[in-house]
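Report on the structure given below.
Throughout, a chain's letter reflects where its sequence line sits, starting with A, and its residues are numbered from 1.
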Amino acid sequence: MQKNSAVKQMDNKVEEKLNVIQHQLRKKIHCENNFSLDELKLVAGVDIAYWSDNEVDYGVCCIQVFDYLTKKVIEEVEYVGKVEFPYISGYLAFRELPLIVKAVQKLKNTPDLYMFDGNGYLHIRNMGIATHASIELGKPTIGVAKTYSKIKNVNFTMPPNSKGTFTDIVVDGEVYGRALRTRVDVKPIFVSCGNWIDLNTATQITMHFVEEDSRLPITIRYADLATHEARKYQKLMNK
DNA sequence: GCGACAG
DNA sequence: ATCTTGTCGC
């Protein structure tokens, strides 16, 4: 299911509307901190896993809330629901946000910041899932993608092979995000401001959550594992 | 026509 | 994202 066939399922006028929406929301982006790192307490990791049953697509969104200092999970929630929107590169938020909002509503705690599996400002219209979600949730966010999706023909430069090094990704003279080598001998991840945070702080927080068992920060990693477990359970219950 | 394409 | 075993390496 590549972009072409996915777009065929979506009216061209619909795509144009989504485009307009993203350009409108773009005005609400702030790549600067609206909080103090000293006061950062609760950080949430968000991810979604998918499956289908009788031609119907389902997804489960898992959110893990971590204490920033102890790096322990203090709360986790999941929300299972139908997924109506197709995956189209550049419009991931429209596919994932409905489930994310529902999952957030189940939280008893209010995270100070959210981390997403996907881009934020590092996006063709600066409106990756992390940025769009921040505007929806009203909280600072960070985008953490596992692969780079080329923007305006700009490639990224591979950072040196040592922990914590990075190279910025500059598009039209502006830093959109960076390739970050979280550990030695691993592929870099792609970090960008979602909203209400600067790139250096986003990088610092991301590195803070990187441990020895994954190149991904544990916020994203644990949420990813949780979605897989939740899906396994859902498929089991459906038989 | 061909390649690219976050999750 | 998802479908999936073995296998190379630390």
Atom pair distance, as rounded to whole Å: [atom1] in [X] and [atom2] in [N]:
| X | N | atom1 | atom2 | value |
| --- | --- | --- | --- | --- |
| Ile124(A) | dA6(B) | CD1 | P | 13 Å |
| Tyr87(A) | dA1(C) | OH | P | 10 Å |
| Asp47(A) | dG7(B) | CG | P | 10 Å |
| Leu97(A) | dG7(B) | CG | C1' | 13 Å |
| Leu18(A) | dA6(B) | CG | P | 17 Å |
| Ile48(A) | dG7(B) | CD1 | P | 13 Å |
| Ile88(A) | dC5(B) | CD1 | P | 16 Å |
| Arg125(A) | dA6(B) | CZ | P | 13 Å |

Practice item. Over 60° means perpendicular and under 30° means parallel, so classify the ring planes of Trp196(A) and His30(A), tilted if in between. Key: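 Ring orientation, 0 to 90° scale: parallel.
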Practice item. Would you please classify the geometry between the Tyr58(A) ring and the Trp51(A) ring as parallel, tilted or perpendicular, with 30° and 60° separating the classes? Key: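 Ring orientation of Trp51(A) relative to Tyr58(A): parallel.
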How about [X] and [Y]: do any of their side-chain heavy atoms sit closer than 4.5 Å?
| X | Y | result |
| --- | --- | --- |
| Pro217(A) | Val144(A) | yes |
| Val43(A) | Phe209(A) | yes |
| Ile48(A) | Val60(A) | no |

Check your understanding: Ring centroid separation for Tyr176(A) and His123(A), is it under 6.0 angstrom?
Key ->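 No.
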Point to revise | Between Phe66(A) and Tyr222(A), ring centroids under 6.0 Å | key: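 Here the rings of Tyr222(A) and Phe66(A) have centres that are less than 6.0 Å from each other.
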For DNA chain B, what residues of [range] have any heavy atom nearer than 4.0 Å?
| range | value |
| --- | --- |
| residues 208-228 of chain A | none |
| residues 148-161 of chain A | Ser149(A), Lys150(A) |
| residues 167-195 of chain A | none |

Taking only residues at least two apart or on different chains, which pairs with a member in [range] satisfy salt bridge (Lys or Arg N to Asp or Glu O under 4.0 Å)?
| range | answer |
| --- | --- |
| residues 128-156 of chain A | Asp117(A)-Lys146(A), Lys152(A)-Asp172(A) |
| residues 76-98 of chain A | none |
| residues 206-220 of chain A | Lys71(A)-Glu211(A), Lys163(A)-Glu212(A) |

Review point. Does NZ in Lys106(A) sit with more than 12 non-hydrogen atoms of other residues, nucleotides or ligands closer than 6.0 Å?
Key: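 Atom NZ in Lys106(A) is packed in, count exceeds 12.
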Exercise for review: Starting from Watson-Crick (N1-N3 plus N6-O4 or O6-N4) and G-U wobble pairs under 3.5 Å, report the runs of at least three that DNA chain C belongs to.
Suggested key: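 Stems for DNA chain C, defined as runs of 3 or more consecutive pairs: none.
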Taking any heavy-atom pair under 4.0 Å as a contact, classify [X]: base, sugar-phosphate, or nothing.
| X | result |
| --- | --- |
| Asn119(A) | base |
| Gly143(A) | nothing |
| Ile129(A) | base |

So which protein nitrogen or oxygen atoms get under 3.5 Å of nucleotides 3-10 of chain C's nitrogens or oxygens?
| unit_1 | atom_1 | unit_2 | atom_2 | d |
| --- | --- | --- | --- | --- |
| dC3(C) | OP1 | Lys235(A) | NZ | 3.3 |

For residues 20-27 of chain A, dump all side-chain donor-acceptor pairs below 3.5 Å to protein atoms at least two apart in sequence or in another chain.
| unit_1 | atom_1 | unit_2 | atom_2 | d |
| --- | --- | --- | --- | --- |
| Gln22(A) | OE1 | Arg125(A) | NE | 2.4 |
| Gln22(A) | OE1 | Arg125(A) | NH2 | 2.8 |
| Gln22(A) | NE2 | Gly90(A) | O | 3.0 |
| His23(A) | ND1 | Asn19(A) | O | 3.0 |
| His23(A) | ND1 | Asn19(A) | OD1 | 3.4 |
| His23(A) | NE2 | Arg26(A) | NH1 | 3.4 |
| Gln24(A) | OE1 | Lys27(A) | NZ | 3.4 |
| Arg26(A) | NE | Arg125(A) | O | 3.4 |
| Arg26(A) | NE | Asn126(A) | OD1 | 3.2 |
| Arg26(A) | NH2 | Asn126(A) | OD1 | 3.1 |

Exercise for review: Check whether the side chains of Asp198(A) and Thr201(A) place a donor and an acceptor atom closer than 3.5 Å, and report yes or no.
Suggested key: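 Result is yes, a qualifying pair exists.
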Review point. With a 3.5 Å cut-off and no angle check, do the side chains of Asn119(A) and Ser192(A) form a donor-acceptor pair?
Key: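 No, no side-chain donor-acceptor contact under 3.5 Å.
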Work out which heavy atom in [X] is nearest to a heavy atom in [Y]; give both atom names and the distance.
| X | Y | value |
| --- | --- | --- |
| Phe190(A) | Ile169(A) | CD2-CD1, 3.9 Å |
| Ile29(A) | Gly194(A) | CG2-O, 4.5 Å |
| Thr141(A) | Thr131(A) | OG1-N, 4.2 Å |

Point to revise | Sequence-distant partners of Asp53(A), side chain to side chain donor-acceptor pair (under 3.5 Å), two or more places apart | key: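 Side chain to side chain donor-acceptor pair (under 3.5 Å) list for Asp53(A), sorted by chain: empty.
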Point to revise | Phosphate contact (dA4(B) OP1 or OP2) by Ser89(A) side-chain N/O below 4.0 Å | key: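 So the side-chain polar atoms of Ser89(A) never come under 4.0 Å of the phosphate oxygens OP1 or OP2 of dA4(B).
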**Study point:** Those residues that, when tested against Glu75(A), pass salt bridge (charged side-chain N to carboxylate O under 4.0 Å, His left out) (two or more places apart)
**Key:**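 Salt bridge (charged side-chain N to carboxylate O under 4.0 Å, His left out) check on Glu75(A) returns nothing, list empty.
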Check your understanding: Pairs counted as Watson-Crick or G-U wobble with both distances under 3.5 Å: what dot-bracket string results for DNA chain B, using | for bases tied to another strand?
Key -> .......
